Amino acid sequence: MNYWLVKSEPYVYSYSDLVRDKQTFWDGVRNYAARNNLRAMKKGDQVFFYHSNEGLAIVGIAKVAKEAYPDPTAEGDTWSVVDLKPVRKLKNPVTLDRIKAEKSLAAMELVVNSRLSVQKVGEKEWNTILKIAEEG
DNA sequence: GCCAACGTTGGC
DNA sequence: GCCAACGTTGGC
């Protein structure tokens, strides 16, 4: 089981949109590093859902419902999508500020390379964030 | 294959 | 709205 993080601007597609839709395909990735991460996702992998631009926080958890297949919104098979399903909303959103304040999370790609829109999350990082979400 | 120019992302 | 960081493009 691997852990990931995807980013979305909430006014484009928010976590509550995912909850409403029950399932979505994660389209629009046009960055090779991000695409490679999409392709490495396995069914059942857990995914943090991060709101960029507005909110600036991890707000919920999704899981991979279907592994990578060609992006229906792109020509050819250069770009990929996966299907995501909502799992649960975090009790408390974990903000970027909070993550930056946490020493053990200093190496997170979210902090180091904020522009990558699909990131891998380490198991320890995952658990730390879950803990913060519980404790508020 | 290098690198300057340009476009995009995303935090502030 | 600005700008830094980074990825991509295209001329050479």
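Nothing here was measured: the structure is a model prediction, and the numbers come from that model.
For the residue pair A/Val81 and A/Asp27, the shortest heavy atom distance occurs at CG1-CA, 3.5 Å. Heavy atoms only, all atoms of each residue included: A/Gln119 and A/Asn113 are closest at NE2-O, 3.5 Å. The minimum heavy-atom distance between A/Trp4 and A/Trp126, with the atom names listed, is O-CZ3, 3.7 Å. Summarising the geometry of A/Asn92 relative to A/Glu134, their closest heavy-atom pair is ND2-O, 3.8 Å, with the distance given to 0.1 Å. Minimum interatomic distance between A/Pro70 and A/Gly76 (heavy atoms only, all atoms of both residues): CB-O, 4.3 Å. A pairwise comparison of heavy atoms in A/Ala65 and A/Lys43 identifies O-CE, 3.4 Å as the closest pair.
For residues 31-38 of chain A, proximity to DNA chain C is found at A/Asn31, A/Tyr32, defined as any non-hydrogen atom under 4.0 angstrom from a strand atom.
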Can you give the donor-acceptor pairs under 3.5 Å from side chains of residues 93-112 of chain A to other protein atoms, not counting sequence neighbours?
from, atom 1, to, atom 2, distance (Å)
A/Thr95, OG1, A/Arg98, N, 3.1
A/Arg98, NH1, A/Glu102, OE1, 2.8
A/Glu109, OE2, A/Lys120, N, 3.4

May I have the list of side-chain donor-acceptor pairs in residues 18-25 of chain A shorter than 3.5 Å, sequence neighbours left out?
from, atom 1, to, atom 2, distance (Å)
A/Arg20, NH1, A/Asp17, OD1, 3.1
A/Asp21, OD2, A/Tyr13, OH, 2.7
A/Gln23, NE2, A/Asp83, OD2, 3.1

Could you list the protein-to-nucleotides 3-5 of chain B atom pairs, N/O on both sides, closer than 3.5 Å?
none

Please list, for nucleotides 8-12 of chain B, all pairs of protein and nucleotide N/O atoms separated by less than 3.5 Å.
from, atom 1, to, atom 2, distance (Å)
B/dT8, O2, A/Arg115, NH2, 2.8
B/dT9, O4', A/Arg115, NH2, 3.3
B/dT9, O2, A/Arg115, NE, 3.3
B/dG10, OP1, A/Lys7, NZ, 3.3
B/dG10, OP1, A/Arg115, O, 3.3
B/dG11, OP1, A/Tyr50, OH, 2.9
B/dG11, OP2, A/Asn53, N, 3.1
B/dC12, OP1, A/Lys100, NZ, 2.8

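Through chains of ILVMFWY side-chain contacts below 4.5 Å, A/Trp79 is grouped with A/Tyr32.
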